[in-house]
**Student:** 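Next up is a structure, given as structure tokens.
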Amino acid sequence: MLQQSTQGVTPAETVVMHVDMDCFYVSVERLLDPSLNGLPVAVGGSPDGRGVVSSASYEARRFGVRSAMPMGQAMRLCPQLVVVRGSYGMYAKHSAALAEIFRRYAPVVRMASQDEAYLDLTGTGRLYGTPLVAAERLRRDVLAETRLPCSIGIGSNRLVAKVASDLCKPKGLLWVPPGSEERFLAPLPIERIPGVGHRIAERLHAIGARRVGDVVTLGAATLDKHFGEHGRDLYSRCSGVSSAHVTEHEPAKSIGAEETFDRDCSDAEVLDASLSALSEKVASRLRAEGIVASTITLKYRFHDFETHTAATTLAYPVDDELAILEAARGLLAAKWGGRRAIRLLGVTTSGLTESSAQLDLLAEEGREKRDRLHAALDRIRGKHGYGGIRRASSEGTS
DNA sequence: TCTGGGGTCCTAGGACCC
DNA sequence: TCTGGGGTCCTAGGACCC
């Protein structure tokens with residue numbers, strides 16, 4: 001599987017690298033507090049409340065602790081677990097530093113999230129040698145400059161590179177040479193394929209497919225019958241076919257915020273205060289990014305996890321909390337009967353465009369004054385966080 | 001065991017227009 | 001008086017990812 005090539009890479013040969021940081025949040029926390037080294041650590045919410053695990057150290061994983069697991073459950077599995085609240089600002093800083101290193105190695109870099117990236121190495125063979133040599137150097141640079149460990153998968157397309165990095169964690173390197181994609185994937189459990197989650201895996205198991213190779217054996221027609229359009233996609237991915245095209249980061253399509261209450265809530269005033277805080281948060285981000293939104297979506301979840309969304313599209317795009325709040329309020333009033341207690345509220349904006357594009361549409365006098373007020377509010381929030389300042393209607397949510 | 005918060009993409013139906 | 005087909009926009013829900 002893992003082969004050391006003796007020749008350089010020909011320019012025409014597509015080489016995609018997937019760099020994935022090893023338990024990124026935990027690794028950053030260990031930089032901040034080295035006493036965490038060697039201990040089972042989980043970054044995430046409180047074990048007493050409704051928090052979940054965001055990132056678990058390998059010591060913790062040995063006890064069965066996993067991402068997205070309720071923290072209380074993690075504590076039961078591993079009583080000596082050290083729980084750390086996230087230092088999210090630090091993660092963003094380190095992520096930016098990583099992106100800079102990656103850009104030295106590839107002309108096109110796609111940060112897929114804070115802790116993983118796709119690099120298109122096609123044509124860089126003369127500069128860095130074989131993919132494995134380049135990967136080894138990159139990993140050394142990352143470790144030397146950030147002291148953060150990572151794993152790297154290399155393949156002829158993004159899917160193969162990603163599966164490879166996943167497989168060699170932690171601190172691994174794995175190259176899948178061109179032509180061996182299908183052989184590489186076939187013996188793996190289908191859950192290893194990105195996009196195959198819990199539900200789809202279950203349905204595949206039901207028709208007798210447990211390994212990636214089983215899916216290929218079933219054939220495109222059978223998958224099409226069971227999964228429709230998604231089936232063809234599934235088939236090609238299991239065959240190792242996927243886009244090799246790496247593109248730079250694209251502008252966000254939606255910006256939102258949500259809040260899960262410590263206890264389910266049916267108090268209309270508390271819910272309204274939450275909507276107000278969420279609207280402020282979203283509006284503040286929209287303005288910081290210089291964009292406006294035309295669609296407002298309200299999300300609400302009941303105690304049994306039944307989740308609904310309701311959306312409305314405004315006549316013109318907005319970036320201010322009152323307009324967003326008003327829309328969200330209206331949706332809640334129209335949809336929520338007031339009987340069932342709510343465990344989560346969310347406000348998401350979409351239909352995003354650059355705000356400069358609508359300047360002439362909104363050339364009212366009040367605009368400038370309002371902008372100055374918002375700028376002042378954003379500055380204060382930037383300094384003190386969202387608890388620093390709130391309108392009167394947001395009181396009671398903190 | 002009882003499920004966060006930030007997102008993306010896909011599907012499907014209905015409205016509306018030509 | 002009954003009715004096609006295509007395209008686009010909007011809404012709702014669901015699966016998935018980190």
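Bear in mind that the values here come from a model prediction, so they are computed numbers and not experimental data. In what follows, chains are A, B, ... by sequence order, proteins preceding strands, each numbered from 1.
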**Student:** Is there a donor in the side chain of A:Tyr300 and an acceptor in the side chain of A:Glu258, or the other way round, less than 3.5 Å apart?
**Tutor:** no
**Student:** When the P atoms of B:dC2 and C:dC17 are compared, how many Å lie between them, rounded to an integer?
**Tutor:**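 Approximately 24 Å lies between the P atom of C:dC17 and that of B:dC2.
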**Student:** For the residue pair A:Arg158 and A:Tyr118, would you count it as a cation-pi contact if the rule is NZ or CZ under 6.0 angstrom from the ring centre and within 45 degrees of the ring axis?
**Tutor:**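 Because its charged atom sits under 6.0 Å from the ring centre and within 45° of the axis, A:Arg158 does stack over A:Tyr118.
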**Student:** Can you check the A:Arg285 CZ to B:dG6 C1' distance for me, whole Å?
**Tutor:** 8 Å
**Student:** Does A:Thr297 make a side-chain N or O approach to OP1 or OP2 of C:dT11 shorter than 4.0 Å?
**Tutor:** no
**Student:** Does A:Lys281 place a side-chain N or O at less than 4.0 Å from the phosphate oxygens OP1/OP2 of B:dG6?
**Tutor:**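 Affirmative; the distance criterion is met.
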**Student:** Partner lookup for C:dG14, please. Criteria are Watson-Crick or G-U wobble with both distances under 3.5 angstrom; report none if nothing qualifies.
**Tutor:** B:dC9
**Student:** Give a yes or no on whether the backbone of A:Lys162 and the side-chain of A:Ser165 come within a donor-acceptor separation of less than 3.5 Å.
**Tutor:** yes
**Student:** Which comes earlier along DNA chain B counting from the 5' end, the contact point of A:Lys253 or that of A:Val52, where each point is its nearest nucleotide?
**Tutor:** A:Val52
**Student:** Please determine if a side-chain N or O atom of A:Thr313 lies less than 4.0 Å away from the OP1 or OP2 oxygen of C:dT11.
**Tutor:** yes
**Student:** Any sub-3.5 Å donor-acceptor pair from A:Ser236's side-chain atoms to A:Asp233's backbone N or O?
**Tutor:**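 Looks like yes, one N/O pair under 3.5 Å.
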**Student:** 5'-most contact on DNA chain B: A:Pro251 or A:Arg301, nearest heavy atom basis?
**Tutor:**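 Checking each residue's closest nucleotide, the 5'-ward one belongs to A:Arg301.
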